[in-house]
Engineer: 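Structure below; questions to follow.
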2 protein chains.
Amino acid sequence: MSDDCVLPKSDVQAEACPIVQIIDRVAGKWSVSILVAAIRKPVRYTELERSVPGISRRMLTLTLRNLERDGLLERTVYPTVPPKVEYSATPSARELYGHLTGLLEWAERHQPDIIEARKAYDEQALAA
Amino acid sequence: MSDDCVLPKSDVQAEACPIVQIIDRVAGKWSVSILVAAIRKPVRYTELERSVPGISRRMLTLTLRNLERDGLLERTVYPTVPPKVEYSATPSARELYGHLTGLLEWAERHQPDIIEARKAYDEQALAA
DNA sequence: CTGGATCCATTTAGATACTG
DNA sequence: CAGTATCTAAATGGATCCAG
């Protein structure tokens, strides 16, 4: 999605780009939900399908692969019949989650501001 | 992009959804760059076009409107000829930025892990 | 059970011409 | 200068079928 941070064309981008990369890593409809589920306890594929209602098989697999590729999830295959695969959160993912709850704290503190800002903005847009 | 957090269909989603909403607020290629620029000092429209190389007028305007709607940017119009419009970061945006740099700290600490994880993942995928 | 592969609808974003 | 409107290209996501 985002270009690499090499050869930033402005100092603003040089500062913003690494942040954008992290955001992108957990952006999208599904990543955080899967992360949350896997942090609670190791989860199986089908279990995730139920925990994250509305996700398609395709998106579940894609999201799992991306999270695994970034070292946020660990995939363990049990060579049984039928196959059993478990996804568990890595220590790295748990730390990241800590920062995300920090963001959540910000959101809760500013929720009134945001709601008011949106209301003001939408009303003013309506008037025009 | 994301549905509202009303009537979560699972407890995992109930926990994840508010986080997803915040992430989405600053996700995408451009939001963070614009935020960074506006935090340094109030910036004008054309100035942003230069500070954020590659952005189109359309995306610049759309992103500005979204950030303004969420109360992260304040838009000030000076009724001069030619017109002058300045965008400045709100206190709320500055606090949010603090949390984002927290994420950045995480990224820097785990960058080696991530690079290694990706390398391992890609090599193993290649072997298959 | 755990996916991979394919096809198609939807969404999103870039280019650019036009305006007060 | 600071946008808006329109058209088009590209990415994204869902549905479905197939396989170890």
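Every chain is numbered from 1, with letters handed out A, B, ... down the list of sequences.
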Engineer: Would you please confirm or rule out a distance under 4.0 Å between OP1 or OP2 of C/dG3 and any side-chain N or O of A/R75?
Structural biologist: yes
Engineer: If we ignore hydrogens and angles and just use 3.5 Å, is the side chain of B/W30 paired with the main-chain N or O of B/L62 as donor and acceptor?
Structural biologist: no
Engineer: Looking at C/dT16, I'd like to know if its phosphate oxygens (OP1 or OP2) sit under 4.0 Å from a side-chain N or O belonging to B/R58.
Structural biologist: no
Engineer: Regarding B/E86 and B/K41, does a basic nitrogen lie under 4.0 Å from an acidic carboxylate oxygen?
Structural biologist: no
Engineer: Please check this pair: side chain of B/S33 against backbone of A/A16, looking for a donor-acceptor N/O pair closer than 3.5 Å.
Structural biologist: no
Engineer: To the nearest Å, how far apart are B/D24 CG and D/dT12 P?
Structural biologist: 14 Å
Engineer: To the nearest angstrom, how far is A/N66 atom CG from D/dG13 atom P?
Structural biologist: 10 Å
Engineer: Please confirm whether the shortest side-chain N or O distance from A/R65 to OP1 or OP2 of C/dT2 is below 4.0 Å.
Structural biologist: no
Engineer: Is any side-chain nitrogen or oxygen of A/R57 closer than 4.0 Å to OP1 or OP2 of C/dG4?
Structural biologist: no
Engineer: Quick check: on DNA chain C, is the nucleotide nearest A/E47 upstream (toward 5') of the one nearest B/G54, or the reverse? Name the residue that is more 5'.
Structural biologist: A/E47
Engineer: May I ask you to verify if any side-chain N or O of B/S56 is less than 4.0 angstrom from the OP1 or OP2 atom of C/dA15?
Structural biologist: no
Engineer: Under 4.0 angstrom, heavy atoms only, what part of the nucleic acid is A/Y87 near: base, sugar-phosphate, or nothing?
Structural biologist: sugar-phosphate
Engineer: Of A/I55 and A/P83, whose closest DNA chain D nucleotide lies nearer the 5' terminus?
Structural biologist: A/I55
Engineer: Specify the separation, in whole Å, of atom CE of A/M59 and atom P of C/dT10.
Structural biologist: 17 Å
Engineer: Between D/dG3 atom P and B/L64 atom CG, what is the distance in whole Å?
Structural biologist: 7 Å
Engineer: Looking at every strand, decide which applies to B/T61 at a 4.0 Å heavy-atom threshold: base, sugar-phosphate, or nothing.
Structural biologist: base
Engineer: Side-chain N or O of B/W30 versus OP1/OP2 of C/dG14: is the shortest distance under 4.0 Å?
Structural biologist: yes
Engineer: So which atom in B/K84 and which in B/T80 form the shortest heavy-atom distance, rounded to 0.1 Å?
Structural biologist: N-OG1, 3.8 Å
Engineer: Mind calculating the distance between CG (B/L60) and C1' (C/dA13) to the nearest angstrom?
Structural biologist: 14 Å
Engineer: What distance separates B/I115 CD1 from A/D70 CG, expressed to the nearest 0.5 Å?
Structural biologist: 11.0 Å
Engineer: Would you kindly give the CG-to-C1' distance between A/L62 and C/dG4, to the nearest whole Å?
Structural biologist: 10 Å
Engineer: Which whole-number value in Å describes the distance from B/E86 CD to D/dA2 C1'?
Structural biologist: 13 Å
Engineer: To the nearest Å, how far apart are B/E49 CD and C/dA15 C1'?
Structural biologist: 13 Å
